Amino acid sequence: IKETCRLVPPVTSATASLKEHTTVTMAGKEFSLPAGLLNQYVVSMANRDPSVFTEPEVFKPDREHLNKALTWNGAFGACDEGSYPRICPGRYMAMDIIRAIINHAVGHTSELGVHEVQTSV
């Protein structure tokens, strides 16, 4: 579930305001950004950073460091997650729905055309 959310987050971007004056370099140019300026960040692009996730475009459910995947509110499963100033009110409900769908699909694999391959020893 976390790998799916890393690749295709339910909240793809968010807007925040800068707490303090910030200077950033983009495309080799320096920009001065005042405190209070609204800025948009794209979660799905951050979660495809090859310095954090090897082969970031490949779906790997057993991927290492999935707790480093970002959500609109910080790192998913971060140790300081309880101190976040806000949390998506539908987060736990969405996770429960995803689990129910996956459990249903796994329990009905033959109906989906998926069959276990029998091997002999």
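The figures that follow rest on heavy atoms only: side chains count, while hydrogens, waters and symmetry mates do not. The model shown is predicted, which means the values in this text are computed figures rather than measured ones.
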[X] side-chain N/O to [Y] backbone N/O, donor-acceptor pair under 3.5 Å:
{"X": "R6", "Y": "A69", "result": "no"}
{"X": "T22", "Y": "E20", "result": "yes"}
{"X": "R63", "Y": "T54", "result": "yes"}

Please report the closest heavy-atom contact between [X] and [Y], naming both atoms and the distance.
{"X": "S32", "Y": "P34", "value": "O-CD, 3.9 Å"}
{"X": "G36", "Y": "S17", "value": "O-CB, 3.8 Å"}
{"X": "V58", "Y": "E3", "value": "O-OE2, 3.3 Å"}

ILVMFWY cluster, F59 and L66 together (side-chain gap under 4.5 Å):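 Unlinked, F59 and L66 end up in two clusters.
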
Shared hydrophobic cluster, M26 / V42 (ILVMFWY, side-chain heavy atoms < 4.5 Å):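 Cluster IDs for M26 and V42 differ.
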
Q40 atom CD: more than 12 heavy-atom contacts under 6.0 Å: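 Check passes, neighbour count above 12.
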
Audit row: E30, T23, side chain to side chain contact (heavy atoms under 4.5 Å, CB included) steps and yes/no: CA-CA 7 Å; E30 195 169 274; T23 301; 3.2 Å; yes

Salt bridge flag under 4.0 Å for residues E57 and R48: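 Counted as a salt bridge, because a side-chain N and a carboxylate O are separated by less than 4.0 Å.
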
Validation row: L18, N39 side chains within 4.5 angstrom (heavy atoms):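 The answer is yes, as the side chains (C-beta and beyond) meet within the 4.5 Å cut-off.
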
